[in-house]
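Chain identifiers are assigned alphabetically (A, B, ...) following the order of the sequence lines, protein sequences preceding nucleic acid strands; residue numbering begins at 1 within each chain.
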2 protein chains.
Amino acid sequence: MDKFKAMQCFVRVVELGRFSKVAEQSGASKSMISKQISSLEAELGARLLQRTTRRLQLTQLGEEYLQRCREILRQLEDTEAHIQEQQQVPKGRLRINAAMALGLTALAPAFAEFMRQYPDIELDIQLSDEAQDLLEHNFDLGLRVASQPFDSGYVGKAITQFSYSICASPAYLQQNGPINHPDDLLNHQCFEYSYFRSKNLWPVGAEGVVIGGRLKANSSVFLLDMVKQGMGVGFIPRFISHPALQSGEVVEVLASEQKPRMTLYALYPVRHFAPPRLSRFIEFLQNWFARHPYLCS
Amino acid sequence: MDKFKAMQCFVRVVELGRFSKVAEQSGASKSMISKQISSLEAELGARLLQRTTRRLQLTQLGEEYLQRCREILRQLEDTEAHIQEQQQVPKGRLRINAAMALGLTALAPAFAEFMRQYPDIELDIQLSDEAQDLLEHNFDLGLRVASQPFDSGYVGKAITQFSYSICASPAYLQQNGPINHPDDLLNHQCFEYSYFRSKNLWPVGAEGVVIGGRLKANSSVFLLDMVKQGMGVGFIPRFISHPALQSGEVVEVLASEQKPRMTLYALYPVRHFAPPRLSRFIEFLQNWFARHPYLCS
DNA sequence: CATATTGTTTCTTTATTGGAAAAAGTGTTA
DNA sequence: TAACACTTTTTCCAATAAAGAAACAATATG
């Protein structure tokens with residue numbers, strides 16, 4: 001039996017509260033988790049968890065063991081991070097959670113270049129629209145645009161800022177008339193983005209414009225596509241619209257108006273020693289976005 | 001790979017200085033040790049030991065890793081000892097080194113009873129005439145009659161005291177005359193015991209008697225056998241002669257003379273938490289000898 | 001330069017791990 | 001009280017990894 005794995009498993013079970021959750025989350029089978037815990041108990045000669053099919057309860061011994069397991073595992077992690085620190089070539093696995101739209105657009109080329117630059121680091125990228133709990137899902141890193149405040153226990157590091165662009169297709173503008181002033185938006189089909197805090201208030205011009213239109217969606221990528229098809233005007237993050245703007249498929253209007261910016265944050269659990277692969281990745285991202293300023297302008 | 005085992009192996013290799021020594025000592029094959037170290041290095045991505053066929057040398061990284069390994073392993077041991085502490089039934093393995101003569105005589109029935117009393121504890125008994133280095137040979141406990149001072153880093157706990165007996169066979173005494181006074185020994189075949197510090201000076205009577213005879217051997221068990229066969233007189237630890245005295249095969253002479261005593265010590269490495277099975281064993285031995293005082297009288 | 005010693009590699013055997021599915025347990029609900 | 005929904009545990013089989021023997025390679029020593 002691999003005792004460290006078993007200990008890790010035990011800690012995880014306590015954290016998530018159910019065997020099956022640990023199983024699906026760690027990509028192992030339920031039986032495996034059960035066996036790990038059982039063999040740990042057998043080796044110690046003590047029951048760690050009092051379990052019914054409905055409830056898991058730490059025994060007194062389990063409680064004590066848990067504390068010590070955590071300490072030992074932390075120390076092991078620190079040790080390995082410390083060794084890695086002194087190596088030229090970082091290696092290991094990074095499990096990253098990122099916002100879907102980011103992953104599909106701005107981050108993809110950055111990830112690709114990172115993989116070229118660090119051939120010994122494996123990536124496990126999970127894109128999701130909802131911000132996932134990093135600890136629960138065992139992520140090393142989350143990449144999120146700042147909206148919700150960070151949980152304590154996490155470090156949030158600003159990576160870059162993104163700007164928005166107001167886009168329409170040339171054909172649409174031809175048909176529906178130009179947009180030269182924020183107030184012009186009132187006469188246009190403006191798409192609403194579901195996750196936008198201010199809903200149908202676009203923060204452009206002095207005090208914003210309350211837009212109206214027939215389309216509302218929860219995906220900026222989807223909205224951009226509708227813009228391309230000439231269905232209306234979108235308030236689209238520049239990192240999404242950038243390629244389409246370059247190719248001329250869509251054009252930007254009200255470019256000189258002040259629009260809010262959003263900040264991309266890297267979130268990761270606080271630790272004694274962050275594994276070097278993680279520090280490197282964050283540095284890399286900051287550099288990468290510094291070298292690709294058009295996404296922010 | 002079982003990282004825990006590998007770390008243990010690594011520490012051991014550094015302690016013993018050679019792969020092959022660890023192999024034979026731990027009962028594994030050389031290839032196993034080699035693989036353990038290699039896979040540990042592979043996982044860390046760093047070389048721990050610079051090795052030629054003649055010399056092992058810790059790399060700088062290896063040195064640091066070693067420290068941390070030791071710390072982690074110690075903590076793990078403490079944790080398990082602490083858990084065991086709270087269990088009713090101690091379990092595990094005890095690797096014990098004992099003096100050959102002790103094991104063959106006094107200790108054998110004690111071990112047997114211990115095994116009956118603690119069915120979940122395995123024993124690995126290594127009898128040897130030379131006192132072995134406990135750490136090097138990975139013993140949990142050494143049972144030695146006090147002679148050499150204890151190394152620092154070890155705890156020595158007195159278990160019991162043994163007395164000596166001066167023995168001869170009835171037939172021998174019949175032929176060679178009785179022994180009623182220490183000086184009578186001068187006219188008898190007295191056996192010399194090689195490991196005796198004072199060699200041919202028997203510490204009996206006021207200032208001892210310088211004995212003479214034709215037989216010298218390094219085993220009291222062997223000497224007793226020669227006594228049984230009527231070849232002469234032996235200065236024999238009582239725990240060895242006891243059964244023969246009981247059966248009448250040999251008789252004791254000069255029983256009322258003062259003779260030195262020797263102390264049986266349990267030696268074990270100092271640790272934060274001694275595993276309960278070890279504490280129990282030592283307690284057990286003390287009790288056992290308290291219940292069998294005839295060995296000491 | 002031969003030799004003895006030691007770590008590594010290779011190959012085969014053996015033991016262990018891991019997963020799918022069935023079974024058993026447990027609290028809830030009809 | 002019985003059916004149920006949801007868990008953990010067990011069982012069995014396949015895949016994987018560990019372990020050992022022996023041949024191999026490397027290197028200080030005399």
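In this entry the distance linking CZ of B/R55 with C1' of D/dT29 reads 12 Å, nearest Å. Rounded to an integer number of Å, the gap from CD of B/Q57 to C1' of C/dG7 is 16 Å. The separation between B/E24 atom CD and D/dA21 atom P is 14 Å, rounded to whole Å. The separation between B/I33 atom CD1 and C/dT8 atom P is 11 Å, rounded to whole Å. Rounded to an integer number of Å, the gap from A/R47 CZ to D/dT8 C1' is 11 Å. Summarising the geometry, the separation between CG on B/L56 and P on D/dA28 is reported as 12 Å, rounded to the nearest angstrom. Between the CD atom of A/Q36 and the C1' atom of C/dG18 there is a distance of 10 Å, rounded to whole Å. When the C1' atom of C/dA4 is taken as reference, atom CZ of B/R18 falls 13 Å away, rounded to whole Å.
Here the CG atom belonging to A/D124 is positioned 12.0 Å from the CG atom belonging to A/L141, to the nearest 0.5 angstrom. Between A/L278 atom CG and A/R95 atom CZ the span is 14.0 Å, to the nearest 0.5 Å.
With D/dG20, D/dT7, D/dA28 as the choices, the nucleotide that has an atom nearest any side-chain atom of B/T52 turns out to be D/dA28. In the set D/dT27, D/dT9, D/dT8, the nucleotide with an atom closest to the side chain of A/S34 is D/dT9. Of the candidates C/dT6, D/dG20, C/dG19, C/dG19 carries the atom nearest the A/M32 side chain, counting heavy atoms from C-beta on.
For the 3.5 Å distance criterion, the side chains of A/E64 and B/Q86 qualify, holding a donor opposite an acceptor. In this structure, a donor-acceptor pair under 3.5 Å is present between the side chains of A/S128 and A/N97.
Side-chain N/O atoms of B/K35 and base N/O atoms of D/dG20 include a donor-acceptor pair closer than 3.5 Å.
The 5' end of DNA chain C is approached more closely, in terms of each residue's nearest nucleotide, by B/K30 than by the other of B/K30 and A/S31. The 5' end of DNA chain C is approached more closely, in terms of each residue's nearest nucleotide, by A/D2 than by the other of A/R51 and A/D2.
Between A/F281 and A/F111, the two ring planes are parallel [angle under 30°; tilted spans 30° to 60°].
When the side-chain nitrogen and oxygen atoms of B/K5 are compared with OP1 and OP2 of C/dT16, none of them lie within a distance under 4.0 Å.
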